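Everything quoted here is computed from the prediction, not taken from an experiment. Hydrogens, waters and symmetry mates play no part in the numbers below; they use all other heavy atoms, side chains included. Order of the sequence lines sets the chain letters (A, B, ...), proteins ahead of strands, with each chain counted from 1.
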Number of protein chains: 2
Amino acid sequence: MTDKNIRIGELARLTGTKVPTIRYYEQIGLMPEPLRTASNQRVYGEAQVQRLRFIRRCRALGFSIEQICELVELSSETERPCEEVDILTRRHLDEVEAKIADLSALAQDLRALSQRCQGGGLISCCGVLDGLNKSV
Amino acid sequence: MTDKNIRIGELARLTGTKVPTIRYYEQIGLMPEPLRTASNQRVYGEAQVQRLRFIRRCRALGFSIEQICELVELSSETERPCEEVDILTRRHLDEVEAKIADLSALAQDLRALSQRCQGGGLISCCGVLDGLNKSV
DNA sequence: ATAACCCCTCTAGTTACTTGAGGGGCAAGG
DNA sequence: CCTTGCCCCTCAAGTAACTAGAGGGGTTAT
């Protein structure tokens, strides 16, 4: 594999990304537009492989596309204080933790609801549906 | 307030739902089509208020629209065993708990990443970005 | 008449992809 | 040469659950 001779299919395999997703990332500007062959096929190099890997790691960590755009931009400004990266990461962690709290409360409510099921009854006296119908 | 004389705005206020959302629910068949006035305005009754409240409680508990459709249908078949309601609720609880587990693992990874930040440095030697760039 | 408020339909946007239609190019095999 | 299999391309629309906005009508009070 030499530099600058990777087709989109191979890039997809190298990075665990789907081909349409790569095109999507290019469309929204997250991935730079690559050079093309005479027959209009995209050609990628090692730097673009690394970029896409970066993006996929961020996605795996739940960063939004917008946040990733910011991280990509920040990472190219090497003389800049890295405080903004820190802030962005912490804010995202806070969001994830808040979501966990929401879901945990929701799970609690669902458990309470589920326990209302006596088993073996009919819809007409179903504890779950009763709970969902109640105007508490 | 008499039966069958509630306009959509009032229904929205009674149930904490947005007007467009009520129209959306009607469009997808979750809410039955109401009667209309001579000037084509929707008119709701108490049964529909209860239906929308049911839907909103289910949404609050994270049930998908599809799941709610099933619950609505099941609740009208009063002579049917309520086992299906139980199964649907438990399955949903499992999904929520799986999501919590996913997010918790993700939060763990984010904490580890965040701790790589030494503070006061530059982007060129940022621990977070380093971690995102690493091909571990 | 105007302002304030309510209602209507229709269309398109949000987020991060994903799918499918319709088409071209290339290499190997019959 | 034709066919097959595989890869690539663009474009448009779908997914889930809403939400926002354009453009219009109706009612009441000032």
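- Within the 4.5 Å cutoff, side-chain heavy atoms of V85(B) are placed close to those of C126(A).
- One hydrophobic cluster, built from ILVMFWY side chains closer than 4.5 Å, holds both I22(A) and Y24(A).
- In the hydrophobic clustering of ILVMFWY residues, with side-chain heavy atoms under 4.5 Å counting as a link, I28(A) and I8(A) come out together.
- Salt bridge annotation for R42(A)-E33(A): absent, with no cationic side-chain nitrogen under 4.0 angstrom from a carboxylate oxygen.
- If you take CE of M31(B) and P of dC18(D), they are 13 Å apart, rounded to a whole angstrom.
- For T15(A) (side chain) and L11(A) (main-chain N/O), a donor-acceptor pair under 3.5 Å exists by modelled atom type.
- Helix bend of the helix from dA1(C)-dT30(D) to dG30(C)-dC1(D): the angle between its two end axes, each built from five pairs, comes to 50° after rounding to 10°.
- Counting to the nearest Å, the P atom of dC7(D) and the CD1 atom of I22(A) are 14 Å from each other.
- To the nearest 0.5 Å, atoms CD1 (I68(A)) and OG (S75(A)) are separated by 11.5 Å.
- Put simply, the side chain of R51(A) never gets that close to the backbone of V72(A): no donor and acceptor are under 3.5 Å apart.
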Filtered N/O pairs between nucleotides 3-6 of chain C and protein, under 3.5 Å:
none

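- Rounded to an integer number of Å, the gap from E26(B) CD to dA17(D) P is 18 Å.
- OP1 and OP2 of dG26(D) both lie 4.0 Å or more from every side-chain N or O belonging to R36(B).
- Rounded to whole Å, the distance from CZ on F63(A) to C1' on dT15(C) is 17 Å.
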Tabulate protein N/O versus nucleotide N/O from nucleotides 11-14 of chain C, keeping only pairs under 3.5 Å, one per line.
none

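- Salt bridge D86(A)/R90(A): present, at least one basic N to carboxylate O contact under 4.0 Å.
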Below 3.5 Å is the cut-off: list the nitrogen or oxygen pairs between protein and nucleotides 17-21 of chain C, distance only.
| residue | atom | partner | partner atom | Å |
| --- | --- | --- | --- | --- |
| dC17(C) | OP2 | Y25(A) | OH | 2.9 |
| dC17(C) | OP2 | R59(A) | NE | 2.5 |
| dT18(C) | OP2 | T21(A) | OG1 | 2.9 |

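- T21(B) has its side chain within reach of R56(B): a pair of non-hydrogen atoms, C-beta onward, lies under 4.5 Å apart.
- Using a distance-only test at 3.5 Å, with no hydrogens or angles considered, no donor-acceptor pair links the side chain of H92(A) to the main chain of Q67(A).
- Using a 4.0 Å heavy-atom criterion, one finds that S64(B) contacts the sugar-phosphate atoms exclusively.
- In this structure, R42(B) and E66(A) both approach DNA chain C, and ranking their closest nucleotides by distance from the 5' end singles out R42(B).
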Donor-acceptor contacts under 3.5 Å from residues 98-108 of chain A side chains, at least two apart:
| residue | atom | partner | partner atom | Å |
| --- | --- | --- | --- | --- |
| S104(A) | OG | I100(A) | O | 2.8 |
| Q108(A) | OE1 | R111(A) | NH1 | 3.1 |

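- Checking side-chain atoms of Q48(A) against main-chain N and O of G45(A) turns up a donor-acceptor pair under 3.5 Å.
- Using a 4.0 Å cut-off on heavy atoms, none of the residues of residues 90-106 of chain A approach DNA chain C.
- Residue E77(B) places its CD atom among more than 12 non-hydrogen atoms of other residues, nucleotides or ligands, all under 6.0 Å distant.
- Two residues are said to be in side-chain contact when any heavy atoms from C-beta on lie closer than 4.5 Å; F63(B) and L88(B) meet this criterion.
- Rounded to whole Å, atom P of dC18(D) lies 10 Å from atom CD1 of I55(B).
- A side-chain donor from one of Q41(A) and R7(A) sits under 3.5 Å from a side-chain acceptor of the other.
- In terms of hydrophobic clustering, with Ile, Leu, Val, Met, Phe, Trp and Tyr side chains grouped at heavy-atom distances under 4.5 Å, L52(A) and L14(A) are assigned to a common cluster.
- One interatomic measurement links the two molecules: CG of N40(B) to P of dG26(D), which rounds to 11 Å at whole-angstrom precision.
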